[in-house]
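Have a look at the structure below, then the notes.
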2 protein chains.
Amino acid sequence: MDYFSGHIQELIEQLATLPGIGSKTAQRLAFHIISMPKEKVEKLSKTLTETRQNVRYCKECQTLTDTELCPICGNPKRDHSTIMVVETPRDLAAYERTGKYEGVYHVLHGAISPMLGIGADDIRLKELMTRLSGDVKEVIIATNSTLEGETTAMYISRLIRPVGIKTTRIANGVPVGGDLENIDEVTLLRALEGRTVL
Amino acid sequence: MDYFSGHIQELIEQLATLPGIGSKTAQRLAFHIISMPKEKVEKLSKTLTETRQNVRYCKECQTLTDTELCPICGNPKRDHSTIMVVETPRDLAAYERTGKYEGVYHVLHGAISPMLGIGADDIRLKELMTRLSGDVKEVIIATNSTLEGETTAMYISRLIRPVGIKTTRIANGVPVGGDLENIDEVTLLRALEGRTVL
């Protein structure tokens with residue numbers, strides 16, 4: 001790969017280290033960036049460094065933000081007595097897109113995984129427990145429906161039980177628009193177990 | 001979308017303007033970038049601006065480069081009497097990946113397209129004709145096999161005919177590994193027409 005000149009090759013290589021960006025996508029992006037107006041490239045470049053420099057954890061929910069409190073924790077209209085526990089800020093964004101959840105969040109930044117050597121102390125559980133001393137009515141555990149997510153959910157529910165706060169888990173079931181024939185057996189069984197009266 | 005704080009939201013929005021990057025990919029990239037070491041982000045940011053600032057057209061083949069001559073045109077080991085005409089620097093990269101082509105290139109930066117109002121003067125044809133006054137034995141036209149690419153190939157071949165230089169077109173046919181049943185009729189006919197003796 002020495003057919004592009006130094007800078008271009010360097011840009012392609014750096015872009016290709018990003019997740020989900022293969023060498024061809026990196027090439028396409030690099031040539032797009034090269035053909036962008038200079039000011040736009042400078043703006044992107046500035047945003048990159050500035051975002052990285054200013055980012056920190058929200059002192060309440062631990063999501064990534066650039067202010068002391070994230071926009072959600074800083075919003076007095078949200079229901080601060082309902083906390084949804086998620087693994088990543090992107091999971092938070094997923095629930096925010098529904099536009100219906102009015103509580104706040106707690107971002108663990110991972111899930112317990114004995115396989116990967118990630119224990120309860122490696123995720124932001126201590127911060128969650130500290131928050132529970134406030135006025136909290138319900139903790140909704142919305143970790144992923146994976147082995148790690150389920151383990152984490154179980155662990156958290158046991159941790160909260162002595163505190164006496166209501167702890168719930170989001171439902172498993174058939175995704176809306178999902179075709180039964182394409183859905184795995186475990187999900188189908190969970191959907192059956194979780195059936196509701198019409 | 002006001003659940004991410006200012007800088008993060010801004011970074012996501014800027015990333016989402018890049019080609020092939022939707023809002024979810026932009027989110028994934030942004031959070032990856034935020035978790036990268038500061039020095040790496042600064043390096044990427046610097047590469048972005050520097051590449052954009054230094055990029056120019058190779059004075060021979062017109063590809064994008066940051067030196068007067070691109071690495072290929074500046075390589076004395078390449079056969080400078082064979083010129084492959086391609087539409088974009090990425091097409092050049094595609095042929096370079098074969099590792100077998102030893103000639104040089106000419107990048108048109110587009111193709112003639114009456115539909116899009118792109119005429120012969122809008123692509124780098126004049127520069128190609130200037131090069132033909134040198135010691136050139138063959139011009140291989142490797143524009144895409146699309147309507148625009150074919151139109152451009154025809155146009156170039158007619159332009160070169162009076163000059164008397166051998167002009168060839170890369171072959172149409174069944175892609176290697178391709179299943180006949182999945183290939184369109186036009187390609188199958190071209191493959192038949194271009195059959196070679198075994």
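The chains referred to below are lettered A, B, ... by the order of the sequence lines, with proteins before strands, and numbering in each begins at 1.
Heavy atoms closer than 4.5 Å to chain A are found in both the backbone and the side chain of B/Asp66. Neither the backbone nor the side chain of A/Thr88 comes within contact range of chain B; no heavy atom of the residue lies under 4.5 Å from a heavy atom of that chain. For chain A, no part of B/Thr25 is nearby; none of its heavy atoms comes within less than 4.5 Å. For B/Lys24, the part lying under 4.5 angstrom from a heavy atom of chain A is the side chain only.
For CG of B/Asn182, the number of neighbouring non-hydrogen atoms (other residues, nucleotides, ligands) closer than 6.0 Å is greater than 12.
For B/Arg190 (side chain) and B/Asn172 (main-chain N/O), no donor-acceptor pair under 3.5 Å exists by modelled atom type.
In terms of heavy atoms, A/Ile141 sits closest to A/Ser157 at CD1-N, 4.0 Å. Shortest non-hydrogen contact noted between B/His7 and A/Glu50 is NE2-OE1, 3.5 Å.
Ranked by heavy-atom pairs under 4.5 Å with chain A, the list B/Leu92, B/Ile33, B/Val41 is led by B/Val41. The most heavy-atom pairs under 4.5 Å with chain A, out of B/Thr67, B/Ile34, B/Val55, come from B/Ile34.
Here B/Glu10 contributes atom CD and B/Phe4 contributes atom CZ; the two are 14.5 Å apart, rounded to the nearest 0.5 Å.
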